[in-house]
Every structure is written in structure tokens, then in C-alpha cells.
Amino acid sequence: MVVVLLGPPGVGKGTQAARLTADIVAEHVSTGDLLRAARRDGTTLGKEAQDFMDAGEYVPDDLILAMVREHFSGISADAHVLLDGFPRTTAQAIGLDTSLESIERQVDVVVVFEAPQEILVRRLSGRRNCPDCGAIYNTCSSPPATEGVCDRCSGALVHRSDDEPSTVRRRLELYQEQTAPLVSFYEQHGARLERVQADQPVDDVYRDFASAVGVAR
Ligand code: AP5
């Protein structure tokens with residue numbers, strides 16, 4: 001099964017993908033996480049992506065497609081794959097289809113997570129991430145047991161620099177301009193599309209998400 005998770009910044013794609021990955025054996029492919037890892041490792045890609053990410057802009061399609069193709073080459077051809085934050089543009093969606101066709105696979109379901117903008121802004125201002133193990137927290141809805149410390153690996157939690165309000169505004173605009181049109185793209189291409197109301201508690205969103213992708217819990 002190949003699942004695309006679509007939805008604006010802060011809607012909970014990463015939180016829900018991590019939950020599903022814990023319940024089924026699946027590859028969670030987050031292009032945001034791959035880019036942040038490339039930045040931490042100081043790779044050429046990381047350096048090229050840095051200014052775009054800090055400004056809340058999209059990293060160019062050719063860099064993203066090359067990164068994803070390379071990552072896919074290390075994934076078993078029959079693995080369940082959860083695509084989080086990719087594709088984000090029509091060019092990326094077409095590139096994804098081409099890559100999947102070459103291994104006789106396709107996008108099986110597109111899940112669109114939806115929540116009002118004021119909730120997204122609030123969630124992002126309270127988000128804390130663990131750069132070491134990838135765990136996601138929120139100072140309001142899911143704080144760690146000890147402030148600033150990851151429950152899972154004791155790493156130091158960070159507030160992502162692109163979660164500053166002015167950058168968040170740009171990321172939300174860009175989502176509407178470039179990524180929201182992918183809903184029509186997938187509708188026109190006959191993909192199974194499921195909408196999940198994401199302004200509910202995490203467990204309730206997960207119940208609806210698991211049901212949308214047909215995973216029994
Ligand atoms: P990326 O890291 O992918 O960011 P994003 O898509 O903007 O999504 P977020 O990670 O901000 O949010 P999320 O939906 O995963 O929410 P989360 O689960 O964390 O990309 C970062 C940057 O990289 C981009 O801006 C771009 O520059 C570049 N990039 C990445 N991919 C690219 C691509 N394909 N093309 C071009 N450029 C690319 O949850 C948010 C918060 O809410 C957390 O604190 C969480 O605890 C909390 N929360 C979650 N669910 C709930 C709930 N139900 N109730 C209460 N709180 C909740």
C-alpha cells in the first residue's frame with residue numbers, strides 16, 4: 001500500500017504517520033525529516049535546501065525528486081509506504097507516479113487532513129521536536145514528562161526555526177497555492193481520496209485515519 005498524506009503545516013501528518021508506522025510495518029517517508037537530516041549532516045543537498053526551508057519556501061522539485069528516488073532505492077518494492085509532505089507540487093506528483101510505475105506500483109490512497117488555520121498556527125507555536133529520534137511534542141496537547149527533554153531518548157527538544165509566526169504564514173500560503181491543487185489532481189487521476197477531520201484529539205484523528213486506509217485497530 002502506498003499512502004499519500006496531504007494537509008497543511010501543523011495539521012498532524014507526522015504525528016499520524018508515526019502512529020500508523022507503529023501499528024503496521026511501514027516506511028514513513030517524510031521529505032521534511034530527510035531534508036533536516038541532510039542539513040544536520042552538512043550534505044550538499046542540506047546546504048542547497050537551507051535557505052528555502054528557513055524562508056518557508058519549497059525546495060526545488062528537481063532536488064526533492066532526486067532525494068526521494070534515492071531514498072526509495074533503499075526500500076523494499078512491496079513495503080507499505082507512507083508519504084508525508086511529498087508530493088507537494090504537480091511536478092512532484094507526476095514524478096512520483098513515474099517512479100512508482102517503474103516498480104509496478106501506484107498511489108493506493110490519498111488522505112487529506114483538514115483543520116482550521118487558527119488551530120494550525122496554535123499547534124505550530126507549541127510544537128517541540130526531538131532532532132535525535134524524531135518524536136513530536138506539543139507544549140499544550142502533548143508535553144514531554146520533563147520540559148525540553150525527549151521522553152523516548154532524552155534528547156534536547158527544539159522549536160523548529162520555521163515555526164516562527166511569519167514563516168508559518170508563508171508556509172500556509174504556499175500550501176494553498178501549490179499543494180491544495182493536488183486534491184483535484186488525484187481526483188482527476190482516479191485515486192481513492194479520503195478526508196479526515198484533524199481538529200479532534202490525536203486518538204480520534206487516528207481512528208479516522210486508520211479507518212480511511214483500511215487498517216483494523
Ligand atoms: P515539513 O517538515 O514536511 O513540514 P510541513 O509539511 O509544513 O508539516 P509540519 O511538519 O509542519 O506539520 P505536520 O502536519 O507533520 O504536523 P505535526 O504532526 O508535526 O517541511 C518543512 C520544510 O521542508 C518545508 O517548509 C519546505 O521548505 C521543505 N520541504 C519538505 N518537503 C518538501 C517537498 N516535498 N517539496 C518542497 N519542499 C519541501 O503536528 C504539529 C503539532 O501539532 C505538534 O506539536 C503535534 O504534537 C500537534 N498535534 C498533532 N495532532 C494534534 C491533534 N490532533 N491535537 C492537538 N495537537 C496535535
Participant: Do you know the tightest heavy-atom contact between Pro143 and Ser141?
Facilitator: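 Answer, listing the atom of Pro143 first, then Ser141: CD-C, 3.7 Å.
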Participant: With His189, which residues qualify under ring pair (Phe, Tyr, Trp, His ring centres under 6.0 Å), at least two apart?
Facilitator: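 Ring pair (Phe, Tyr, Trp, His ring centres under 6.0 Å) list for His189, sorted by chain: Phe185.
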Participant: Determine whether His80 and Glu27 satisfy the following criterion, side-chain contact (heavy atoms from CB on, under 4.5 Å), listing intermediate values before the conclusion.
Facilitator: CA-CA 6 Å; His80 294 311; Glu27 294 285 342; over 6 Å; no
Participant: Measure across Leu100 and Gln106 and return the closest heavy-atom pair with its distance rounded to 0.1 Å.
Facilitator: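 Heavy atoms only, the tightest pair is CD1-C, 3.8 Å.
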Participant: Do Leu96 and Val4 come close enough that some side-chain heavy atom pair is under 4.5 Å?
Facilitator: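 Leu96 reaches Val4 side chain to side chain.
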Participant: For atom CD of Gln117, is the number of surrounding heavy atoms from other residues, nucleotides or ligands below 6.0 Å larger than 12?
Facilitator: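 Check fails, neighbour count at 12 or below.
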Participant: Pair Asp208, Gln200 - check side-chain hydrogen bond (donor to acceptor under 3.5 Å, both in side chains), show working.
Facilitator: CA-CA 10 Å; Asp208 294 351; Gln200 316 178 64; 3.0 Å; yes
Participant: Out of curiosity, Leu182 CG to Glu187 CD, how far, rounded to the nearest 0.5 Å?
Facilitator: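 One finds 11.5 Å between CG of Leu182 and CD of Glu187.
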Participant: Can any side-chain N or O of Ser99 pair as donor or acceptor with the backbone N or O of Gly95 at less than 3.5 Å?
Facilitator: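 It does hold such a pair.
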Participant: Are Arg39 and Lys47 packed together at the side-chain level, in the sense that at least one heavy-atom pair is separated by less than 4.5 angstrom?
Facilitator: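 No, every pair of side-chain atoms sits at 4.5 Å or beyond.
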Participant: I'd like to know if the side chain of Arg105 and the backbone of Ala77 have a donor-acceptor N/O pair within less than 3.5 Å.
Facilitator: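 The answer is yes, because a donor-acceptor pair under 3.5 Å joins these two groups.
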Participant: Check the pair Arg36 / Asp33 against side-chain contact (heavy atoms from CB on, under 4.5 Å), numbers first and verdict last.
Facilitator: CA-CA 5 Å; Arg36 281 184 288 277; Asp33 286 349; 2.8 Å; yes
Participant: Indicate whether any N or O donor in one side chain lies under 3.5 Å from an N or O acceptor in the other, for Asp162 and Thr167.
Facilitator: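 No - no donor-acceptor pair under 3.5 Å links their side chains.
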Participant: Less than 4.5 Å apart, side chain to side chain, heavy atoms only: is that true for Gln16 and Leu82?
Facilitator: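 Contact flag for Gln16/Leu82 side chains = no.
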Participant: CG of Leu83 to OG1 of Thr31: how many Å apart, nearest 0.5 Å?
Facilitator: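 Rounded to the nearest 0.5 Å, the CG-OG1 separation comes to 8.5 Å.
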Participant: Could you see if Val110 belongs to whatever hydrophobic cluster contains Leu20? Use Ile, Leu, Val, Met, Phe, Trp, Tyr and a side-chain cutoff under 4.5 Å.
Facilitator: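 The answer is no; the residues belong to distinct hydrophobic clusters.
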Participant: In this structure, would Val109 and Val107 fall into the same cluster of hydrophobic residues linked by side-chain contacts under 4.5 Å?
Facilitator: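 No, Val109 does not connect to Val107 through the hydrophobic network.
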Participant: Applying ring pair (Phe, Tyr, Trp, His ring centres under 6.0 Å), name anything that partners Phe113, two or more places apart in sequence or on another chain.
Facilitator: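 Listed in chain order: Phe209.
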Participant: Any chance you could measure Asn129, atom CG, to His159, atom NE2, to the nearest 0.5 Å?
Facilitator: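 Between atom CG of Asn129 and atom NE2 of His159 there are 9.0 Å.
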Participant: What are the two closest heavy atoms between Leu172 and Pro9, and how far apart are they?
Facilitator: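 Leu172 and Pro9 have their closest heavy atoms at CD2-CD, 3.8 Å.
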Participant: Could you state whether Val196 and Val2 fall into the same hydrophobic cluster, counting links through intermediate Ile, Leu, Val, Met, Phe, Trp or Tyr residues with side-chain heavy atoms under 4.5 angstrom apart?
Facilitator: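 No; tracing contacts between hydrophobic side chains, which count when under 4.5 Å, never links both residues.
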Participant: Side chains of Leu174 and Thr179: closer than 4.5 Å at any heavy-atom pair?
Facilitator: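 Not touching, per the 4.5 Å side-chain cut-off.
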Participant: Could you pull out all donor-acceptor pairs under 3.5 Å where a side-chain atom in residues 118-125 meets a protein atom, sequence neighbours excluded?
Facilitator:
| residue | atom | partner | partner atom | Å |
| --- | --- | --- | --- | --- |
| Arg123 | NH1 | Gly10 | O | 3.4 |
| Arg123 | NH1 | Val11 | O | 3.0 |
| Arg123 | NH2 | Ala198 | O | 2.8 |
| Ser125 | OG | Arg122 | O | 3.0 |

Participant: Applying the 4.5 Å side-chain criterion to the ILVMFWY set and letting contacts propagate, would Leu65 and Phe72 be lumped into a single cluster?
Facilitator: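 Yes, Leu65 and Phe72 fall within the same hydrophobic cluster.
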Participant: Using side-chain heavy atoms (C-beta onward) and a distance below 4.5 Å, is Arg127 in contact with Tyr137?
Facilitator: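 They are not in side-chain contact.
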Participant: Where the side chain of Asn138 meets the backbone of Cys140, is there a donor-acceptor pair that is under 3.5 Å apart?
Facilitator: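 Confirmed, Asn138 side chain pairs with Cys140 backbone.
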Participant: Can you tell if the side chain of Met1 reaches within under 4.5 Å of the side chain of Ile24, non-hydrogen atoms only?
Facilitator: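 They are in side-chain contact.
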Participant: Starting from Val111, can I reach Leu193 by hopping between I/L/V/M/F/W/Y residues whose side chains sit under 4.5 Å apart?
Facilitator: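 Per the 4.5 Å side-chain linkage, Leu193 and Val111 are not co-clustered.
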Participant: Return the minimal non-hydrogen interatomic distance between Thr21 and Ala26, and the atom names on each side.
Facilitator: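 Smallest heavy-atom distance, with atoms named: CG2-O, 3.3 Å.
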Participant: Between Gln178 and Pro181, what is the shortest heavy-atom contact and its length?
Facilitator: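 Result for this residue pair: C-CD, 3.6 Å.
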Participant: Answer yes when Arg192 and Glu194 have at least one side-chain N-carboxylate O distance shorter than 4.0 Å, and no when they do not.
Facilitator: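 A salt bridge is present here (some side-chain N lies under 4.0 Å from a carboxylate O).
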Participant: How long is the straight-line distance from OG1 of Thr89 back to CG of Asp61, given to the nearest 0.5 Å?
Facilitator: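 That separation rounds to 3.5 Å.
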Participant: Within the 4.5 Å heavy-atom criterion, are Val205 and Gln197 side-chain neighbours or not?
Facilitator: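 Sidechains of Gln197 and Val205: no contact.
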Participant: With heavy-atom distances below 4.5 Å as the criterion, would you say the side chains of Val29 and Ile75 are in contact?
Facilitator: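 Heavy-atom side-chain distance check passes, below 4.5 Å.
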Participant: Taking atom types as modelled, is there a side-chain donor on Ser76 or Asp78 under 3.5 Å from an acceptor on the other?
Facilitator: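 Indeed, the side chains of Ser76 and Asp78 share at least one donor-acceptor pair under 3.5 Å.
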Participant: Quick check for you: to the nearest 0.5 Å, what is the distance between Arg171 atom CZ and Gln176 atom CD?
Facilitator: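 Reported to 0.5 Å precision, the distance equals 13.5 Å.
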Participant: May I ask you to decide whether Arg152 forms a salt bridge with Asp132, counting only side-chain N to carboxylate O separations under 4.0 Å?
Facilitator: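 Looking at Arg152 and Asp132, the cut-off is not met.
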Participant: Do the side chain of Thr146 and the main chain of Val149 share a donor and acceptor less than 3.5 angstrom apart?
Facilitator: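 No; zero donor-acceptor contacts below 3.5 Å.
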Participant: Locate the shortest heavy-atom distance separating Asp84 from Gly14; write the atom from each residue and the value.
Facilitator: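 Between these two residues, the closest heavy atoms are OD2-CA, 3.4 Å.
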Participant: Taking atom NZ of Lys13 and atom NE2 of His28, what is their separation to the nearest 0.5 Å?
Facilitator: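 Reported to 0.5 Å precision, the distance equals 9.5 Å.
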Participant: So Asp204 and Val202, side-chain contact (heavy atoms from CB on, under 4.5 Å) or not? Walk me through it.
Facilitator: CA-CA 6 Å; Asp204 294 352; Val202 172; over 6 Å; no
Participant: Would you say Asp151's side chain and Ala145's backbone share a donor-acceptor pair under 3.5 angstrom?
Facilitator: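 Checking the backbone N and O of Ala145 against the side chain of Asp151, a donor-acceptor pair under 3.5 Å is found.
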